[in-house]
There are 2 protein chains.
Amino acid sequence: MKLSSYISVDCVVLGYDSEQLNVLLVERKLDDKVNDSPFEPDWTLTGNHVYLDEDIEEAANRVLYDLTGFSEIYLEQFKTFAAPDRLLKPKDQVWLKSIGMDPLKRVVTIGFFALLATQKVSLKWMGRNVKWTPVKEVGDLAFDHNQILDSALIAIRNKMRHEPLGFELLPEKFTLTQLQQVYEQIFDAKFDKRNFRKKVNRMQYVIALDEKQKGVPHKPAQLYKFSREIYEQTKRELLEFFV
Amino acid sequence: MKLSSYISVDCVVLGYDSEQLNVLLVERKLDDKVNDSPFEPDWTLTGNHVYLDEDIEEAANRVLYDLTGFSEIYLEQFKTFAAPDRLLKPKDQVWLKSIGMDPLKRVVTIGFFALLATQKVSLKWMGRNVKWTPVKEVGDLAFDHNQILDSALIAIRNKMRHEPLGFELLPEKFTLTQLQQVYEQIFDAKFDKRNFRKKVNRMQYVIALDEKQKGVPHKPAQLYKFSREIYEQTKRELLEFFV
DNA sequence: TTACATAGTGTAACTTGTACACTAACTTAC
DNA sequence: GTAAGTTAGTGTACAAGTTACACTATGTAA
């Protein structure tokens with residue numbers, strides 16, 4: 001299959017693990033490095049080329065499927081990066097020449113963000129090391145991937161003001177404390193527990209289950225679920241979220 | 001200058017003219033048409049190829065400058081379109097072959113929206129007919145440009161919920177009725193005049209000028225201006241807009 | 001049985017949203 | 001210069017939402 005080599009997708013995969021918000025990073029292989037310096041950053045976001053007969057959404061889903069084994073992950077395009085000095089890897093330049101194509105100087109990449117609960121993921125990707133890193137502790141990434149990550153976080157925050165994305169970071173059954181923590185992490189803010197719960201109570205699409213948390217060394221919390229159906233019906237009235 | 005032919009930008013240029021929200025369309029030339037049928041739509045959004053040494057933001061600004069003669073227009077990337085069946089024009093395919101490049105089947109285009117007050121614009125572009133069309137009366141456009149327009153309107157609405165984009169559609173000095181009309185057009189809604197003004201009054205960055213409207217056949221309205229400086233200082237407190 | 005940890009709950013003061021109708025100021029036509 | 005036409009500009013009462021704040025309840029583990 002031929003690659004349209006100059007178009008790629010990069011996925012900012014965010015996961016919440018009951019403590020913090022994490023981003024999925026993959027370790028670079030040696031032959032990915034642009035020069036031989038050992039000081040180049042070792043970690044990148046997940047991404048891949050886009051095939052010629054493939055839409056970019058398909059390509060991003062393919063990356064996520066290879067990574068997690070799941071295909072129903074929340075995924076959304078947020079920005080395209082095309083600065084002329086974006087780097088094409090040397091091995092790709094060689095390969096492009098070998099098939100008679102112009103080894104262009106830049107790769108245009110379409111940034112996607114994906115949201116999921118970390119426990120779902122198997123963490124294997126093309127034989128490389130993969131790790132969750134707390135978003136607040138991400139160091140230098142390769143290429144312009146720090147910039148892509150920052151843009152993703154801004155896009156997610158903006159979208160979360162008026163769409164119920166927070167639930168995508170939680171398992172199907174969750175506690176209100178977990179929900180609150182998700183929003184606190186995303187917006188880097190602290191909310192008042194009672195006021196937060198008052199607001200959730202007004203959301204008819206957050207439904208209390210007949211079930212409690214298990215295996216915790218303290219009072220177990222009530223579990224809730226999110227109903228997208230009810231949300232779709234009532235969203236006109238209840239649009240504002242937590243920030 | 002060589003073109004990186006498979007990347008283009010398309011600009012959804014929106015203008016407000018004291019009555020309605022309009023979008024700028026350009027007429028196609030005959031040799032743009034994919035086949036000879038006279039039934040193909042005659043109008044498109046403005047767009048162009050992206051040069052190899054050019055970022056996409058630069059390319060979009062170039063399109064806007066060619067069109068309007070202005071270079072300080074509010075412009076923002078909103079979505080990238082890359083469906084495999086997006087069409088490359090026949091003349092471009094011929095041209096790409098002539099310079100030894102693979103005539104790929106699709107053009108990846110990055111969609112931008114631009115906001116301005118219509119009176120600013122001179123309306124000339126590459127020798128073609130250009131016209132403002134009320135957004136509500138746009139008919140069939142060429143390629144997937146109706147889809148691009150719809151996506152732009154959704155992106156603008158979402159952004160306008162928490163950023164002061166409405167002012168970009170007005171001249172520097174505007175009346176509160178004009179401001180209200182902009183938001184009514186964008187959100188396709190009617191607001192109560194007194195409540196709207198109450199809300200504006202709370203926005204310290206909308207400043208009453210010592211000046212009134214002129215040349216209107218009725219009571220002239222107070223003029224106001226928007227101060228981005230004050231907005232930047234106070235935005236944490238006053239984030240919500242009109243919808 | 002006690003210590004520990006987190007869950008879960010209510011109220012009062014204040015701010016914002018909503019619904020609603022008349023007078024003021026200017027121009028034009030007669 | 002008077003009347004008709006047009007848009008500007010204003011206030012109030014009620015409902016809803018926001019904010020700040022501290023204690024009791026229920027489970028586990030030692």
Side-chain angles (χ1 to χ4, degrees), chain A residues 16-20 161-162 170-171 173-185 187 189-225 234-243, chain B residues 16-20 161-162 170-171 173-185 187 189-225 234-243:
Chain A
Y16 179 72
D17 68 355
S18 310
E19 286 198 23
Q20 6 191 17
R161 289 164 176 273
H162 46 261
L170 292 167
K173 300 172 183 181
F174 54 85
T175 70
L176 295 186
T177 299
Q178 289 169 345
L179 183 63
Q180 181 173 346
Q181 283 170 346
V182 162
Y183 280 89
E184 288 181 339
Q185 294 272 328
F187 290 104
K190 281 278 172 199
F191 304 133
D192 178 85
K193 183 160 66 160
R194 280 179 286 193
N195 294 340
F196 185 88
R197 281 158 191 248
K198 230 188 295 180
K199 206 156 181 174
V200 173
N201 263 323
R202 260 180 267 130
M203 300 175 174
Q204 296 154 14
Y205 44 84
V206 180
I207 299 168
L209 297 172
D210 202 16
E211 201 174 340
K212 297 200 168 188
Q213 219 177 6
K214 276 173 193 155
V216 286
H218 53 74
K219 177 173 175 179
Q222 171 84 249
L223 292 174
Y224 290 78
K225 69 169 183 176
T234 59
K235 62 180 167 183
R236 285 189 172 256
E237 293 102 60
L238 297 163
L239 263 170
E240 297 308 326
F241 282 78
F242 303 106
V243 172
Chain B
Y16 179 71
D17 67 355
S18 312
E19 285 198 24
Q20 8 190 17
R161 289 163 175 274
H162 47 260
L170 291 167
K173 300 172 181 180
F174 54 85
T175 70
L176 295 187
T177 300
Q178 288 168 345
L179 183 63
Q180 182 173 344
Q181 283 170 346
V182 162
Y183 280 89
E184 288 181 338
Q185 294 272 331
F187 289 105
K190 280 280 172 199
F191 304 134
D192 178 86
K193 183 161 64 162
R194 279 178 286 193
N195 294 339
F196 184 89
R197 281 158 190 248
K198 230 187 298 178
K199 205 154 181 175
V200 174
N201 263 323
R202 262 180 265 130
M203 299 175 175
Q204 297 154 14
Y205 45 85
V206 180
I207 300 168
L209 297 172
D210 201 17
E211 200 175 340
K212 297 200 169 188
Q213 221 177 4
K214 274 174 195 154
V216 287
H218 54 74
K219 177 173 176 179
Q222 171 85 251
L223 291 174
Y224 290 79
K225 70 169 182 175
T234 59
K235 61 181 169 184
R236 286 190 173 256
E237 294 101 60
L238 296 164
L239 262 169
E240 296 309 326
F241 281 79
F242 303 106
V243 172

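To find a chain, count down the sequence lines: A is the first, B the second, and so on, and within it residues start at 1. The structure displayed is predicted, hence computed values, not measured ones.
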Selected nucleotide, minimal atom distance to K219(A) side chain, candidates dT18(D), dG8(C), dG17(C): dG8(C)

Base, sugar-phosphate alone, or nothing: which one does Q213(B) contact when heavy atoms must sit under 4.0 Å apart? nothing

Does any non-hydrogen side-chain atom of E211(A) lie less than 4.5 Å from one of K173(A)? yes

Round to a whole Å and report the spacing from CG of N195(A) to C1' of dA16(D). 14 Å

How many Å lie between CG on L176(A) and C1' on dT9(C), as a whole number? 12 Å

Say whether, by atom type as modelled, one donor and one acceptor occur between the side chain of E184(B) and the main chain of F191(B) under 3.5 angstrom. yes

What is the distance, to the nearest angstrom, from the CD atom on Q180(B) to the P atom on dT7(D)? 14 Å

Toward the 5' end of DNA chain D, by each residue's nearest nucleotide, P217(B) or P220(B): P217(B)

Atom pair distance, as rounded to whole Å: CD in Q222(B) and C1' in dG9(D): 10 Å

In this structure, how many angstroms lie between the C1' atom of dG17(D) and the CG atom of N201(A), rounded? 14 Å

So does R197(B) get a side-chain nitrogen or oxygen closer than 4.0 Å to the phosphate oxygens (OP1/OP2) of dG9(D)? yes

Do the ring planes of H162(B) and H162(A) sit parallel (below 30°), tilted (30 to 60°) or perpendicular (above 60°)? parallel

Rounded distance (Å) that lies between atom C1' of dA8(D) and atom CZ of F174(B): 16 Å

In whole Å, what is the span from the CE atom of M203(B) to the P atom of dT16(C)? 12 Å

Step by step, work out the side chain to side chain donor-acceptor pair (under 3.5 Å) result for Q181(B) and Y16(B). CA-CA 9 Å; Q181(B) 283 170 346; Y16(B) 179 71; 2.7 Å; yes

Rounded off to whole Å, could you give me the CG-to-C1' distance for the L223(A) and dA7(C) pair? 12 Å

Over all strands shown, is T175(A) touching base, sugar-phosphate only, or nothing at heavy-atom distances under 4.0 angstrom? nothing

Donor-acceptor pair present, K198(A) side chain and dT19(D) base, under 3.5 Å: yes

Side chain K193(B) and base dG9(D) donor-acceptor under 3.5 Å: yes

Taking only side-chain nitrogens and oxygens of R202(A), does any of them come within less than 4.0 Å of OP1 or OP2 of dT18(D)? yes

Are Q180(B) and K199(B) packed together at the side-chain level, in the sense that at least one heavy-atom pair is separated by less than 4.5 angstrom? no

For D192(A) and K212(A), take the nucleotide of DNA chain D holding the closest heavy atom to each; which residue's nucleotide lies nearer the 5' end? D192(A)

Return whichever of R194(A) or A221(A) has its heavy-atom-nearest nucleotide of DNA chain C closer to the 5' end. A221(A)

